[in-house]
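First the structure, in the form of C-alpha cells, and then the observations on it.
Lettering of chains follows the sequences in order, A, B, ..., and the numbering in each one begins at 1.
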Amino acid sequence: MSETNIFNQYMNKTNTIVKNKKILQSTYVPENLPHRDDKIGEIAEILSPALSNDKPSNILIIGKTGTGKTAVVNFVGNELKKICEMNKDVSQCAFIYVNCEVVDTPYGILYNICNQIITDPAKKIPFTGWSIEKILSEMTKIVEEENKIFIIVLDEIDRSIQKNGDDIFYYLTSVNDVTKNSKISIVGITNNSKFTELLDTKIRSRLSEEKIIFPPYNVEQLKDILYDRAKEAFIEGMINDDVIPYCAALSAQEMGDARKALDLLRMSADLAERNGDSKVTVAHVKLARSKIEVDATTEIVKTLTDQSKVVLFSIILNKEKGMEFQKTGDVYTTYKIVCENIDMSVLTQRRVGGLISELDMLGIIHARVKSFGKAGRTKEIELIIPKETIQMVTGDELFVNYLNHKSRKQTTLI
DNA sequence: TGTCCACTGGAAGGGAGGGCTT
DNA sequence: AAGCCCTCCCTTCCAGTGGACA
C-alpha cells in the first residue's frame with residue numbers, strides 16, 4: 001500500500017530554483033522593508049509614548065493594496081514586542097492584530113482581541129453566545145488587570161464599518177473611559193481613502209488623531225523590493241536578469257502593488273520548477289500572470305452562495321444569448337426561470353439586486369447605474385470573468401439538471 | 001417643466017441557526 | 001428546557017433618481 005502512495009514521487013524532490021518559498025509570500029515580514037523607512041519611523045514615533053506608559057494617539061493608515069501598510073505596522077509591532085521583552089525597565093505594552101476582512105462583526109472583533117489577551121484557556125471567550133455588553137465588560141476587566149498600553153491594529157477596517165457602522169470604535173474607546181491603569185490605542189488600516197466619510201464626525205476625529213498615507217510604489221521601488229526578496233529566496237543564478245524588471249513593470253501598471261509583484265514572482269518560480277525548467281524566464285511570468293487572474297476569480301466563484309451562483313449563471317446565460325449589456329430586469333427574468341427549473345426558492349428582485357451589487361464588488365461583473373430616460377433607471381451589467389471561470393460555473397452540479405432539461409427540449413444549451 | 005419609468009438603495013424587521021446562561 | 005444573544009440571509013416598504021419625452 002505504501003509503495004504506491006501518490007506522494008512518493010515528490011518525497012525526494014529537491015528544490016532546484018527556490019531555496020526558501022516562505023520569503024516570497026506577501027504575508028512574510030522581512031528584516032528590511034525597502035523604501036518604507038520614513039513610514040516606520042513615523043509610526044514608531046507616534047507609538048513610542050507607550051514605552052513610558054502613556055497612551056499613544058490613534059492612527060489611521062491609508063494606502064492602496066500592496067503598499068506595505070500591514071507589513072510596516074507588523075514590523076513596528078514586532079520591534080515593540082522585542083524591546084518590551086528585552087528591556088524590563090520600560091512599561092510593558094501589548095500589540096494586537098485583527099484583520100477585519102476575516103472577522104468582520106463587532107462580536108468577532110471583540111472576541112478576537114480578548115482571546116489574544118487572555119492566556120488561560122479556561123477563561124477564553126466563546127465564539128458566540130455572549131452579549132456585546134458582556135464581552136465588553138469582560139474586556140474592560142482584563143485590560144485593566146493587565147496594567148499595560150494596548151495597541152490594537154484593525155486591518156481592512158473599512159470592511160467592518162461598511163457592514164456594521166462605527167459601533168466598534170464606540171466599544172473600544174469606551175474601554176478607555178473606564179480603565180485607569182491600562183489604555184487602548186487604535187491603529188486603523190484601510191485601502192479606501194474615502195473611508196472616513198462613513199464615520200460619525202466625533203469618531204472620525206478620534207480615530208484619525210494621526211493620519212499616515214502610504215503612496216504606491218514606483219517601478220524602481222518595486223524592483224528593489226523584488227531584488228531584496230529574490231536574493232534570499234532564490235538559488236543564485238536561477239532567475240533571468242529581465243524577470244524582476246518585468247514583474248516590477250507589470251505591477252507598477254497595476255497601482256504599484258508589491259503584493260501582486262511578489263505573487264507574480266513566486267508563481268513564475270513555481271511554474272518553472274513544476275515544468276522542470278532550469279531557470280525562471282519572462283515566459284514564465286507571462287504564464288503566471290494569466291494563471292493568477294484565472295485562479296483569483298475561480299476562487300471567488302467557488303465560495304459564492306448557491307443563490308449568488310444562480311444570479312451569475314443567469315448573467316452568463318443572457319450573455320450567451322447575445323446580451324452583452326444586460327439590465328437588472330433581464331437578469332431577474334432569467335433568474336426566475338433558472339430557479340424554477342432547478343427547484344430553488346425565488347428571491348425578491350430587491351435581494352437579487354443586492355446580489356448583483358455584491359458580484360460587482362467582487363469584480364466578477366461590471367455593474368454601473370445608468371438612466372435610460374423614459375425606459376427607467378437601472379444597472380447596466382457586463383460579465384468580465386475569463387472563459388475558464390465561466391466553464392466552472394456552468395459545470396456546477398447545481399445547474400446539471402437545468403442544462404439536461406434544456407438539451408432534452410432541444411433548445412440552445414446556453 | 002412636469003411626468004414617467006425601472007429601478008436603486010436605505011431602513012426596519014423577521015426568522016433560522018448556533019451557542020451561552022440560568 | 002427556556003430564555004437570551006449575535007449573525008446571516010432574507011423580505012417589505014418606500015423615498016429618491018436621471019434622463020427621455022410630451
Side-chain angles (χ1 to χ4, degrees), chain A residues 98-115 118 120-142 154 156-172 174 192 194-195 197-200 300-301 303-315 318 323 325-336 338-340 342-362 365-382 398:
Chain A
V98 179
N99 188 330
C100 300
E101 199 188 4
V102 183
V103 271
D104 59 358
T105 61
Y107 187 96
I109 292 171
L110 294 176
Y111 158 82
N112 220 283
I113 294 170
C114 287
N115 282 353
I118 300 169
D120 183 355
K123 289 184 178 169
K124 295 260 179 191
I125 300 204
F127 82 94
T128 176
W130 281 20
S131 68
I132 293 280
E133 280 71 26
K134 183 168 180 181
I135 201 169
L136 207 55
S137 84
E138 184 67 19
M139 182 170 162
T140 311
K141 206 175 89 192
I142 51 173
L154 300 176
E156 313 256 1
I157 198 171
D158 44 314
R159 300 286 175 140
S160 165
I161 305 290
Q162 263 166 12
K163 217 175 140 196
N164 315 293
D166 47 21
D167 289 353
I168 190 71
F169 297 117
Y170 281 107
Y171 299 143
L172 289 176
S174 71
N192 179 359
K194 294 199 174 131
F195 146 80
E197 288 170 15
L198 300 169
L199 298 170
D200 181 290
I300 293 170
V301 167
T303 57
L304 292 178
T305 59
D306 285 353
Q307 283 290 356
S308 291
K309 275 187 196 161
V310 179
V311 174
L312 179 58
F313 183 64
S314 308
I315 297 170
N318 282 347
M323 292 164 103
F325 295 98
Q326 33 194 308
K327 298 171 193 161
T328 304
D330 301 328
V331 176
Y332 192 61
T333 309
T334 310
Y335 163 84
K336 279 191 290 190
V338 175
C339 280
E340 279 160 21
I342 63 170
D343 285 332
M344 186 173 263
S345 55
V346 180
L347 303 180
T348 57
Q349 180 154 348
R350 172 71 188 87
R351 181 64 189 137
V352 170
L355 293 177
I356 290 172
S357 300
E358 281 171 27
L359 292 176
D360 179 33
M361 268 173 24
L362 291 169
I365 58 170
H366 263 156
R368 48 188 172 274
V369 179
K370 195 173 167 185
S371 179
F372 296 85
K374 267 234 166 200
R377 183 173 171 266
T378 179
K379 282 198 180 92
E380 196 179 58
I381 300 153
E382 186 191 0
L398 207 55

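- Across all non-hydrogen atoms, the minimal contact from A/C339 to A/V346 is CB-CG2, 3.7 Å.
- Within 4.0 Å (heavy atoms only), A/K370 reaches no atom of the nucleic acid at all.
- Distance A/Y107 OH to C/dC4 P: 18 Å, rounded to the nearest Å.
- In this structure, A/K309 and A/L304 approach most closely via the heavy-atom pair CE-O, 3.7 Å.
- Residue A/T305 has its side chain nearest to C/dC9 when only B/dG9, B/dC7, C/dC9 are considered.
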* Structure fact -> B/S/- along nucleotides 12-22 of chain C (protein heavy atoms under 4.0 Å) is BB--BBBBBS-
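- If you take CG of A/D306 and C1' of C/dC9, they are 13 Å apart, rounded to a whole angstrom.
- Remark: P of B/dC20 and NZ of A/K124 are 16 Å apart, rounded to the nearest angstrom.
- Residues A/Y335 and A/Q307 have side chains that bring a donor and an acceptor to within less than 3.5 angstrom of each other.
- Under the side chain to side chain contact (heavy atoms under 4.5 Å, CB included) criterion, A/K124 pairs with A/N115, sequence neighbours left out.
- Every residue two or more places apart in sequence or in another chain that forms a side chain to side chain contact (heavy atoms under 4.5 Å, CB included) with A/N112 is listed here: A/V98, A/V103, A/Q116.
- For the pair A/L355 CG and C/dC10 C1', the computed distance is 10 Å after rounding to whole Å.
- Whole-Å rounding puts the A/Y332 OH to C/dT11 C1' distance at 11 Å.
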Kindly give the atom pairs (protein nitrogen or oxygen, nucleotide nitrogen or oxygen) under 3.5 Å for nucleotides 16-19 of chain B.
| from | atom 1 | to | atom 2 | distance (Å) |
| --- | --- | --- | --- | --- |
| B/dG18 | N2 | A/T128 | OG1 | 3.2 |

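- For A/K327, whose side chain is taken as the heavy atoms from C-beta onward, the closest listed nucleotide among B/dC7, C/dC10, B/dG9 is B/dC7.
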Name every donor-acceptor pair, under 3.5 Å, that has one atom in a side chain of residues 354-361 of chain A and the other anywhere in the protein, sequence neighbours excluded.
| from | atom 1 | to | atom 2 | distance (Å) |
| --- | --- | --- | --- | --- |
| A/S357 | OG | A/G353 | O | 3.2 |
| A/S357 | OG | A/K379 | NZ | 2.8 |
| A/D360 | OD1 | A/A367 | N | 3.3 |

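- Not one side-chain nitrogen or oxygen of A/T105 sits closer than 4.0 Å to the OP1 or OP2 atom of C/dC6.
- Put simply, CD on A/E138 is 14 Å from C1' on B/dT21, counting in whole angstrom units.
- Not one side-chain nitrogen or oxygen of A/K134 sits closer than 4.0 Å to the OP1 or OP2 atom of C/dC4.
- Distances shorter than 4.0 Å separate some side-chain N or O of A/K379 from OP1 or OP2 on B/dG9.
- Partners of A/T348 according to the side chain to side chain contact (heavy atoms under 4.5 Å, CB included) rule, which considers only residues two or more places apart in sequence or in another chain, are A/R350, A/R351.
- Closest of all the heavy-atom pairs between A/Y171 and A/L110 is CD1-CD1, 4.3 Å.
- Separating the CG atom of A/L347 from the P atom of C/dC8 is a distance of 18 Å, rounded to the nearest angstrom.
- Rounding to whole angstrom units, CD1 of residue A/I356 and P of B/dG9 are separated by 11 Å.
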* Could you give me the CA-CA distance, side-chain angles and deciding distance for A/N318 and A/I381, then say whether side chain to side chain contact (heavy atoms under 4.5 Å, CB included) is met? => CA-CA 11 Å; A/N318 282 347; A/I381 300 153; over 6 Å; no
